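Fair warning: this is a prediction, and the values are worked out from it, not measured in the lab. All chains are named by letter (A, B, ...) in the order of the sequence lines, taking the proteins before the strands, and each is independently numbered beginning at 1. Below, all heavy atoms of this structure are taken into account, side chains as well, without hydrogens, waters or symmetry copies.
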2 protein chains.
Amino acid sequence: MRDVSRATGLSMFTVSRALSGGDGVSTESREQVLKTARELGYIPNRAAQELRRASRDSVAVITASTSNSYYLDLMAGIQHALRPSNWTVVVGDVAVDGIYDPRLEDRMVQRLIESRMAGVISTLTLTPENTRLLASWDIPVVFVDSSPPASARDFPSVTTDNYNASLMVGAHIAEHGLKDWLFLVYPPKWSTRFDRERGLRDSAKRHGARIVVLESENDAVSGYDTLAAHLEAAGKLPDVLVAGNNPLLLGALNLVRDRGIKVPGDLALVAYDEFAWSSLVNPPLTVLDERSEEIGRLAARTLAEIIEGQAEAEKRGGSKTPVYRPEHQQQVPAQLVIRRSCGCHGGSFAATPAPA
Amino acid sequence: MRDVSRATGLSMFTVSRALSGGDGVSTESREQVLKTARELGYIPNRAAQELRRASRDSVAVITASTSNSYYLDLMAGIQHALRPSNWTVVVGDVAVDGIYDPRLEDRMVQRLIESRMAGVISTLTLTPENTRLLASWDIPVVFVDSSPPASARDFPSVTTDNYNASLMVGAHIAEHGLKDWLFLVYPPKWSTRFDRERGLRDSAKRHGARIVVLESENDAVSGYDTLAAHLEAAGKLPDVLVAGNNPLLLGALNLVRDRGIKVPGDLALVAYDEFAWSSLVNPPLTVLDERSEEIGRLAARTLAEIIEGQAEAEKRGGSKTPVYRPEHQQQVPAQLVIRRSCGCHGGSFAATPAPA
DNA sequence: GTCCAAAACCTAAACGATTAGGTAGCCTGG
DNA sequence: CCAGGCTACCTAATCGTTTAGGTTTTGGAC
């Protein structure tokens, strides 16, 4: 296409400069070029640009939980923080049919390196090998709502303060006098699991409650089945069910409905992750609100900062290894939104409208 | 990196062939190459590959409704249909903070052409200029849950049979004897609007009902505000509210809750688009189920077929203009899922578990 | 009228892969 | 022993940009 633009009689150099807005081009030449380019319908070839410029103009978000409610807010936050800069955001889903696949993770990381990404935001703890691989290509990684792998403890991460959040959850449950807790939770691949579990366990101990932690795959159907099997085996209901995240909550609520269990009459319910419908389901749900959008925004800003530092260091002839500073590890406080499923406000079948 | 791989003493040609699995390379050379490549941590540069091969190995999905429930299912269907081939799926969101921005559409189309995409699936009716632009670069487009612009009527599209679906909705409402209908609907940019409105209007006429069509921006907050303003002005409730899609339903339900309106006692409610929580909200919702995943799968398959036809035609020296055939325009029947919000099964506050 | 710097422009070499077109060596059949 | 056809390999051009390093032109300042 460029040789077509050379129909202006000007050289490649001038055309390139004119189009990209650099200097060394007279105003008339520039206009001439822009005009012919428009007439000819010239659109640059990105592959060629990236090849020449050594790429690095998009950042990737790795996720395995597109169906989790917080995902949309998180993305909104990331997009928002990155819109002013002109990086492109691409999302890489490493789950097939909603369940995480490690081979997909490998393939995804491979592809991100092939595309010479400027940076990566990961919503899950990557494998040590993949983390190392990205590092060896000088691609900065920010973990969001997940921790870096043990082999890379200094990597940046932005998460909810899950430990204290879980203490809050536990404290509220204890206020209701509930002593028999069941925590339905996803696998440790999503590393928020650790702090959530620890907080809840500590809280149970502190309040003299028993807690059972029940692990399920990270999707609604597995949540349903796992919980059903557990209740079957246990023979009786716990006092309260804590759903570890949105898909598991969905599974649990479906089971509760199918079994005719009354919430919070027979079983109180508290869940992680606020979402759009939480105040509309029956009963309105008491949930932990994560402020996902802010987390996304923070993560994106952190990544941008690191990438810029990297670019600057390189310009000054330094190494382009990303530098991670301790303040890049951030925790965002969460908030407990109290509705009815925990037993507050008179439970499920009240005739008055539920609070938002 | 490639010259590093030349540390095997073999030429670029041999290395390239060895890595890409082509023939003309002895088994030992191939092993030698693979071994060194692995040792050196060689990862190909995608920009260079795309430049040389004239790209065309990813397809894009253009959407402005990531928060709409059907989006996830749609994507799942698309991913599913495209996984066997090794095209990459990238999604391009042309909405900022949930509302559609035409300039983003332009920029997105520009970028897709820059990347020389193999094909595009669009969940909204593109502007005539953008459609023409894509066509002029021989990039096939399949519209999904939306129609092609009037200037390009022969383009492929896969949609729900919205007209008949709306007749079904209307018929069911009529069975309840409701005569005063309110249709809360999104703007015509999402072209399913036309058939849905037409179906509902025809149905109202057929059953001797009055229908008011109320247009709102396509997000929950606008839906809430628009509906609130309308009810204010009208001074009384209609018999039934039909929510045109998921975000509008969300807005409507929030309003209903805030106003203390009883559903279906004071106002019956039917909504478009099945979603995960529809049977769990209060009351369980009667919705039109779109089979989004199948629509996605169908669209992806159609696109794949067209791209393959294109590649074949080009190989035979023909034109690479995509050929669209009439059977590429497909309609998928929908299904009405009857729960309680329409007035069936005894309404909202029943103590028995709601049907799934 | 010189000299010099700045502005405007050009030539040609990259970037990292693929591949058309060629060559050398070996085998096989006649 | 040679033609012919393999196989395994190589050289070098090519994709569409950007840009380092020149060259020419222009316009003052002296």
Side-chain angles (χ1 to χ4, degrees), chain A residues 1-34 36-37 40-58 110-111 113-118 137-138 311 314-315 317 320, chain B residues 1-34 36-37 40-58 110-111 113-118 137-138 311 314-315 317 320:
Chain A
M1 265 299 162
R2 178 53 59 87
D3 30 11
V4 193
S5 227
R6 211 186 311 177
T8 49
L10 293 165
S11 78
M12 304 269 280
F13 172 89
T14 313
V15 175
S16 174
R17 278 317 236 270
L19 289 170
S20 64
D23 47 53
V25 185
S26 68
T27 325
E28 43 199 271
S29 298
R30 162 158 297 138
E31 264 165 25
Q32 163 77 344
V33 167
L34 291 177
T36 355
L40 267 44
Y42 168 76
I43 294 185
N45 181 323
R46 193 160 269 258
Q49 290 182 322
E50 291 186 346
L51 173 57
R52 185 58 236 249
R53 304 197 184 122
S55 196
R56 307 201 153 229
D57 60 354
S58 28
Q110 180 85 14
R111 283 190 26 77
I113 297 178
E114 288 180 5
S115 312
R116 308 296 191 254
M117 288 282 162
W137 285 85
D138 292 324
E314 194 177 359
K315 205 176 299 168
K320 53 173 175 273
Chain B
M1 264 297 161
R2 178 55 61 84
D3 32 10
V4 193
S5 229
R6 213 186 310 176
T8 49
L10 293 164
S11 78
M12 303 271 278
F13 171 88
T14 312
V15 174
S16 175
R17 278 317 237 271
L19 289 170
S20 63
D23 48 52
V25 185
S26 67
T27 325
E28 44 201 89
S29 299
R30 163 158 295 139
E31 265 165 25
Q32 165 77 342
V33 167
L34 291 177
T36 352
L40 266 45
Y42 167 77
I43 293 184
N45 182 321
R46 193 160 270 259
Q49 291 181 322
E50 290 185 348
L51 174 55
R52 186 57 235 252
R53 303 197 185 120
S55 197
R56 306 196 156 231
D57 60 356
S58 27
Q110 179 86 13
R111 284 189 25 75
I113 297 177
E114 287 180 5
S115 313
R116 308 294 192 256
M117 288 282 163
W137 285 85
D138 292 326
E314 195 178 358
K315 205 175 298 168
K320 52 175 177 269

Asks: Taking atom CD of Glu50(B) and atom OG of Ser115(A), what is their separation to the nearest 0.5 Å?
Replies: 7.0 Å
Asks: When rounded to the nearest 0.5 angstrom, what is the spacing between CG in Leu34(A) and CD in Gln32(A)?
Replies: 10.0 Å
Asks: In Å and rounded to the nearest 0.5 Å, what is the CZ to CZ distance from Arg111(A) to Arg46(B)?
Replies: 4.0 Å
Asks: Find the distance Glu50(A):CD to dT18(D):P and express it as a whole number of Å.
Replies: 12 Å
Asks: Check this one for me: any side-chain N or O of Ser29(B) less than 4.0 Å away from OP1 or OP2 of dA8(D)?
Replies: no
Asks: Please state how far atom CD1 in Ile43(B) lies from atom C1' in dG16(C), giving the value in whole angstrom units.
Replies: 15 Å
Asks: If I take atom CD1 in residue Ile113(A) and atom C1' in nucleotide dG16(C), what distance separates them, rounded to the nearest angstrom?
Replies: 17 Å
Asks: Roughly how far, to the nearest 0.5 Å, is CZ of Arg30(A) from CG of Asp23(A)?
Replies: 8.0 Å
Asks: For nucleotides 18-24 of chain C, read 5' to 3', which letter fits each nucleotide if B means a protein heavy atom sits under 4.0 Å from the base, S means only the sugar-phosphate is that close, and - means neither?
Replies: BBB----
Asks: Could you tell me the separation between the CG atom of Asp23(B) and the P atom of dA8(D), rounded to a whole number of Å?
Replies: 9 Å
Asks: Could you state the CG-C1' distance from Leu10(A) to dT11(C), rounded to the nearest angstrom?
Replies: 14 Å
Asks: I'd like to know if the side chain of Ser16(A) reaches the main chain of Met12(A), judged simply by a donor and an acceptor atom lying under 3.5 Å from each other, with no hydrogens or angles considered.
Replies: no
Asks: Testing the basics here: between Asp57(A) and Ala118(A), what is the closest heavy-atom pair and its distance to 0.1 Å?
Replies: N-CB, 4.3 Å
Asks: How close or far is atom P of dG16(C) from atom CG of Leu19(B), stated in whole angstroms?
Replies: 16 Å
Asks: Applying side-chain contact (heavy atoms from CB on, under 4.5 Å), run through Ile43(A) and Arg116(B) and close with a yes or a no.
Replies: CA-CA 10 Å; Ile43(A) 294 185; Arg116(B) 308 294 192 256; 4.1 Å; yes
Asks: So does Ser26(A) get a side-chain nitrogen or oxygen closer than 4.0 Å to the phosphate oxygens (OP1/OP2) of dC9(C)?
Replies: yes
Asks: When the nearest nucleotide of DNA chain D is assigned to Arg116(B) and to Thr27(B) on a heavy-atom basis, which residue is associated with the more 5' position?
Replies: Thr27(B)
Asks: Write down the distance between CG (Asn45(B)) and P (dT17(D)), rounded to a whole number of angstrom.
Replies: 16 Å
Asks: I need the CZ-P distance between Arg56(B) and dG16(D), as an integer number of Å.
Replies: 12 Å
Asks: Of the listed nucleotides (dT11(C), dG16(D), dG16(C)), which one gets closest to any side-chain atom of Ser11(A)?
Replies: dT11(C)
